[in-house]
2 protein chains.
Amino acid sequence: MGTREKILEAAAWLFSTRGYAATSLAQVARAAQVSKALVLWYFESKEHLFRAALQHFLTPYEIDAQVLLGLNEYEQVDKLIDDYYDFVADHLPSVKFVLGQVVRGDETSAELVAHVSALYGVYRDLLTSILERGCERHVFPAYIKPAQDAALIMAALNGLLLQHLVEPEGSPMVRDLRTYLKQLVRVRLCAASTQADTSCVVPPASPRREA
Amino acid sequence: MGTREKILEAAAWLFSTRGYAATSLAQVARAAQVSKALVLWYFESKEHLFRAALQHFLTPYEIDAQVLLGLNEYEQVDKLIDDYYDFVADHLPSVKFVLGQVVRGDETSAELVAHVSALYGVYRDLLTSILERGCERHVFPAYIKPAQDAALIMAALNGLLLQHLVEPEGSPMVRDLRTYLKQLVRVRLCAASTQADTSCVVPPASPRREA
DNA sequence: GTCTATATACAGATAGAC
DNA sequence: GTCTATCTGTATATAGAC
């Protein structure tokens, strides 16, 4: 591995775990086993180094929609849920970093945030189109609103991943919940599609007094 | 407002928006319109100031479970969802800050993270107990698993709030999704537990989007 | 390309006048 | 309590030897 890449990798790691301000060039240099001056020889300034590190993060953010071919609608939804979850779980350091940037609205990484948002949008739109197709073909019940259901499924996934982030312990809870989410989605997409529309079924409006 | 409070408020704001490392005492002093030395006179060190700011954030983190009395199970679930969402939305700066600390696993704020996690747990457990009670009384369908369903609802809420964070623009999308989530939960909790319960059909609350 | 040495700025923190 | 002046360490960045 070239010296430049060594520096870049060290910088990416440090920036992602400690943030921009809390990471010094001296730390980067030490981690990369070079001198401070060499870091600035390759990357004009700390700012430039940071931007280069961002690009390093962006590289793996791609999505392959081809894997869904040949599956029925239910399997497609299942697979998309699993893929999204696994993808984010596999890139937790990057995700942490991006989330950190998002949270503090850092202007220097607007591009990164936009890129990740776009990727998120791709997943959500893909899920939406699967649901749409399922509805058109009457495979899914009529009360499914593709855009909204897709958005909520993604929200639930992001919530689980957030929990995964807060409790990085190998708590099997979150993994179980992913399975439970898939079951729940399946029930919703399966449930009595031929029955009358149940989307307008609500409980009694008048409060029932408790004992 | 006393000088100490003025400093504390400025510090809390800066720490929450820029993070610990990127916030200097000079910035805090300028924001509070005092000298650097005075900041350190009130708060022994930057570290102490930070911890004091954390306490400032913790104060509003309380929950009032009394508001659920007198509501039936469905209304309780609805209200809990709304309350949790509104609470977090009303404390977005604090939440951003906490999330930032969580994301970078900052040791100095482990106490804050623990406190917020505990609060989250309270909400989730409250929701779980509502679902449990509903199941015991056969108001909710038998396929409901209180713990898992509660966790997923909370995850979905957190996902929505995360989205709210990323797109702070007044996009009505997220707010609509909250309503849709409540409908979806209601359908799940209502659906055909007993056919008698489906008699309570009212006109759709919101217009349906047809593709 | 890689280093040491150094310039310059700013950080957190202290001393002491008022 | 509040300030100015200052100390000390460390940050980014540059200069120049090799």
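Order of the sequence lines fixes the chain letters, A, B, ..., with proteins taken first and strands second; residue numbering starts at 1 for each chain.
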### Query
Does atom CD of Glu44(A) have more than 12 heavy-atom neighbours, drawn from other residues, nucleotides or ligands, at distances under 6.0 Å?
no

### Task
Kindly indicate, with the supporting measurements, whether the criterion side-chain contact (heavy atoms from CB on, under 4.5 Å) is fulfilled by Asn158(A) and Leu160(B).
CA-CA 8 Å; Asn158(A) 285 333; Leu160(B) 289 187; over 6 Å; no

### Query
Given side chains that start at C-beta, do those of Val95(A) and Leu161(A) come closer than 4.5 Å, heavy atoms only?
no

## Note on the structure
Heavy-atom closest pair (Thr23(B) atom, Leu14(B) atom, distance to 0.1 Å) is OG1-O, 3.3 Å

### Proximity to DNA chain D (any heavy atom under 4.0 Å), residues of residues 1-11 of chain B only
Thr3(B)

### Task
Please test Leu8(A) against Phe43(A) for side-chain contact (heavy atoms from CB on, under 4.5 Å), starting from the C-alpha separation and ending with a verdict.
CA-CA 9 Å; Leu8(A) 205 52; Phe43(A) 308 91; 3.7 Å; yes

### Query
Between Trp41(A) (CH2) and dT2(C) (C1'), how many Å, whole number?
9 Å

### Query
Heavy-atom count around Glu47(B) CD within 6.0 Å, excluding the residue itself: above 12?
yes

### Message
If we count only N and O atoms by modelled type, under 3.5 Å, do the side chains of Asp149(A) and Tyr143(A) hold a donor and an acceptor together?
### Response
no

### Task
Starting at atom CD of Gln33(A), determine the distance to atom C1' of dC3(C), rounded to an integer number of angstrom.
15 Å

### Query
Reading nucleotides 12-18 of chain C 5' to 3', which nucleotides get B (base under 4.0 Å from a protein heavy atom), which S (sugar-phosphate only), which -?
BBBB---

### Message
I'd like to know whether Leu69(B) forms a side-chain contact (heavy atoms from CB on, under 4.5 Å) with Gln66(B), so could you lay out the CA-CA distance, the side-chain angles of the two residues, the decisive distance to 0.1 Å, and finally the verdict.
### Response
CA-CA 6 Å; Leu69(B) 295 178; Gln66(B) 304 303 314; 3.7 Å; yes

### Degree of bending in the helix from dG1(C)-dC18(D) to dC18(C)-dG1(D) once both end axes are built from five pairs, to 10°
0°

#### Entry: Atom pair distance, as rounded to whole Å: CZ in Phe50(B) and P in dA11(C)
18 Å

### Query
Just how far is it from atom CZ of Phe15(B) to atom CD of Gln27(B), taken to the nearest 0.5 Å?
9.5 Å

### Message
Run Val113(A) and Ser117(A) through side-chain contact (heavy atoms from CB on, under 4.5 Å) and show every step you take.
### Response
CA-CA 6 Å; Val113(A) 173; Ser117(A) 283; 4.2 Å; yes

